[in-house]
Amino acid sequence: MKIASFNVNSIKARLTNLTDWLKEAEPDIVCLQELKCIDENFPHGPIEELGYNVAVNGQKTYNGVAILSKHPLEDVSRGLPGNDGDDHARYIEAVVSANGSVVRVASIYLPNGNPVDTDKFTYKLGWMDRLIDHARELLSYEEPLVLAGDYNVIPTIDDVHNPAAWVNDALFRPETRAKFRELINLGLTDAFRACHREAHRYTFWDYQAGAWAKDNGIRIDHLLLSPQAADLLKASDIDRAVRGREKPSDHVPIWVELDLG
DNA sequence: ATGCCGGGCGAAGCCCGA
């Protein structure tokens with residue numbers, strides 16, 4: 001079973017780019033981020049035509065996440081627990097049953113957090129605390145679990161082209177990286193890193209200053225696996241060629257293959 | 001480099017992303 005994550009930076013602007021990739025990559029499950037549309041405006045038609053069931057947690061203008069699945073989506077829940085006052089659409093979770101197996105999947109759009117001297121950074125760190133609490137709960141189920149999304153976290157110096165340019169950025173600040181390690185240390189596996197040791201493999205390149213041409217990127221989209229999912233890990237990779245196409249997102253898809261039949 | 005691009009909103013120019 002192939003499970004992917006893709007920050008599309010507007011589902012409306014990216015529809016053709018997305019459906020082209022869906023046709024060639026043929027993922028079973030896709031976690032999308034930054035839809036930038038309300039539930040009613042999600043383009044169900046072109047995506048359901050390709051055989052996907054769809055669960056959306058949308059929002060006007062900002063954020064918005066979804067899960068696409070060729071198998072039925074069950075027990076869909078929207079929003080990250082722990083703060084009823086948080087109205088950002090940054091989290092959706094569902095259970096997928098396929099071939100007698102079950103996998104729980106979440107699509108995550110973790111806050112950017114810049115500038116760091118504002119409440120945006122506080123919000124990011126608080127959101128990460130809530131994610132850690134929720135992940136601890138989900139891990140207690142002892143089942144295959146994939147926490148997939150745009151984490152807006154550069155985990156290590158190997159995951160950025162020019163570390164010096166990011167030292168004071170919310171994506172690379174020590175506090176951010178420490179919280180990410182706290183999440184990993186619950187017992188999650190960074191699927192891409194488990195399959196690839198080489199440095200400088202990125203999932204995001206800025207639209208500006210020729211970042212793509214210079215390979216000036218960062219690795220901030222991650223698929224984190226529970227031990228039960230990591231047991232099934234066969235492969236993981238980044239579909240970087242998508243960044244070079246017409247009207248690309250600034251992120252590219254990243255995926256895992258799990259031996260779930 | 002800190003918004004040079006790109007998208008939303010809405011119909012010019014601002015907000016936002018990373």
Side-chain angles (χ1 to χ4, degrees), chain A residues 5-19 21 31-43 56-66 86-91 107-128 131 148-177 179-180 192 200-222 238 240 242-254:
Chain A
S5 180
F6 188 11
N7 179 323
V8 290
N9 185 19
S10 167
I11 187 79
K12 183 182 169 200
R14 216 65 58 214
L15 188 56
T16 303
N17 184 284
L18 171 64
T19 53
W21 170 75
C31 297
L32 299 176
Q33 301 88 32
E34 277 208 88
L35 304 176
K36 298 187 177 180
C37 77
I38 58 174
D39 293 11
E40 292 74 10
N41 292 343
F42 188 92
V56 180
N57 181 13
Q59 183 178 340
K60 185 179 167 70
T61 310
Y62 306 116
N63 311 317
V65 288
D86 183 358
D87 58 357
H88 291 204
R90 295 181 176 275
Y91 188 90
S107 181
I108 290 167
Y109 180 43
L110 205 147
N112 175 303
N114 280 306
V116 293
D117 58 351
T118 68
D119 55 5
K120 293 190 175 188
F121 192 51
T122 312
Y123 174 64
K124 176 180 192 143
L125 296 178
W127 208 95
M128 294 182 83
L131 181 60
D150 175 2
Y151 280 76
N152 273 314
V153 176
I154 302 166
T156 76
I157 201 167
D158 287 340
D159 301 310
V160 50
H161 176 78
N162 180 11
W166 293 87
V167 288
N168 286 317
D169 194 284
L171 279 66
F172 198 49
R173 278 284 290 257
E175 303 95 315
T176 304
R177 295 167 61 192
K179 290 250 185 260
F180 188 74
F192 180 81
H200 312 306
R201 296 285 309 272
Y202 308 128
T203 64
F204 170 94
W205 298 259
D206 202 295
Y207 288 119
Q208 300 175 90
W212 166 244
K214 298 175 193 164
D215 198 25
N216 179 10
I218 50 180
R219 189 174 72 94
I220 56 172
D221 299 86
H222 309 295
I238 298 166
R240 79 192 298 279
V242 173
R243 185 64 178 78
R245 296 182 181 171
E246 286 297 305
K247 265 181 83 71
S249 171
D250 38 9
H251 298 249
V252 295
I254 177 169

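Proteins come first, then strands; the chains are lettered A, B, ... in the order of their sequence lines, and each starts at number 1.
Partners of A:N168 under the side-chain contact (heavy atoms from CB on, under 4.5 Å) rule, at least two apart in sequence or in another chain, are A:R173. In this structure, the side chain to side chain donor-acceptor pair (under 3.5 Å) partners of A:R240, at least two apart in sequence or on a different chain, are A:D215. Not a single side chain to side chain donor-acceptor pair (under 3.5 Å) links A:D39 to another residue, sequence neighbours left out. Take A:A148 and apply the side-chain contact (heavy atoms from CB on, under 4.5 Å) test, not counting sequence neighbours, and it matches A:S5, A:C31, A:V146, A:L223. By the side chain to side chain donor-acceptor pair (under 3.5 Å) test, A:D158 is found to be paired with no residue, residues two or more places apart in sequence or in another chain being considered.
Using atom P as the reference point in both B:dC16 and B:dG10, the two lie 15 Å apart (nearest Å). Of the C1' atoms belonging to B:dA12 and B:dG7, the separation is 16 Å, rounded to the nearest Å. Separating the P atom of B:dC4 from that of B:dG13 is a span of 15 Å, rounded to the nearest Å. Spacing between B:dA1 and B:dG6 at atom P, rounded to whole Å, works out to 23 Å. Using C1' as the reference atom, B:dG3 and B:dG8 are 16 Å apart when rounded to the nearest Å.
Separating the NZ atom of A:K124 from the C1' atom of B:dG17 is a distance of 12 Å, rounded to the nearest angstrom. A:Q59 places its CD atom 13 Å from the P atom of B:dC16, with the value rounded to the nearest Å. The interatomic distance linking A:Y109 (OH) with B:dG17 (P) rounds to 6 Å, in whole Å. Atom CG in A:N162 sits about 10 Å away from atom C1' in B:dA1, given to the nearest Å. For the pair A:Q33 CD and B:dG17 C1', the computed distance is 14 Å after rounding to whole Å.
When heavy atoms are screened at a 4.0 angstrom cut-off, A:A165 is found touching base atoms of the nucleic acid. Within 4.0 Å (heavy atoms only), A:N114 reaches at least one base atom of the nucleic acid. Contacts of A:N7 with the nucleic acid, taken as non-hydrogen atoms under 4.0 Å apart, involve only primed sugar atoms and P, OP1 or OP2.
A side-chain N or O of A:D169 and one of A:N114 form a donor-acceptor pair less than 3.5 Å apart.
Atom CD1 of A:I157 has 12 or fewer neighbouring heavy atoms from other residues, nucleotides or ligands inside a 6.0 Å radius.
Remark on DNA chain B: of its neighbouring residues A:N168 and A:L110, the 5'-side contact belongs to A:N168, judged by nearest-heavy-atom nucleotide.
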Each nucleotide in nucleotides 3-13 of chain B should get exactly one letter: B, S or -. Can you fill that in based on protein heavy atoms under 4.0 Å? BBBSSSS----

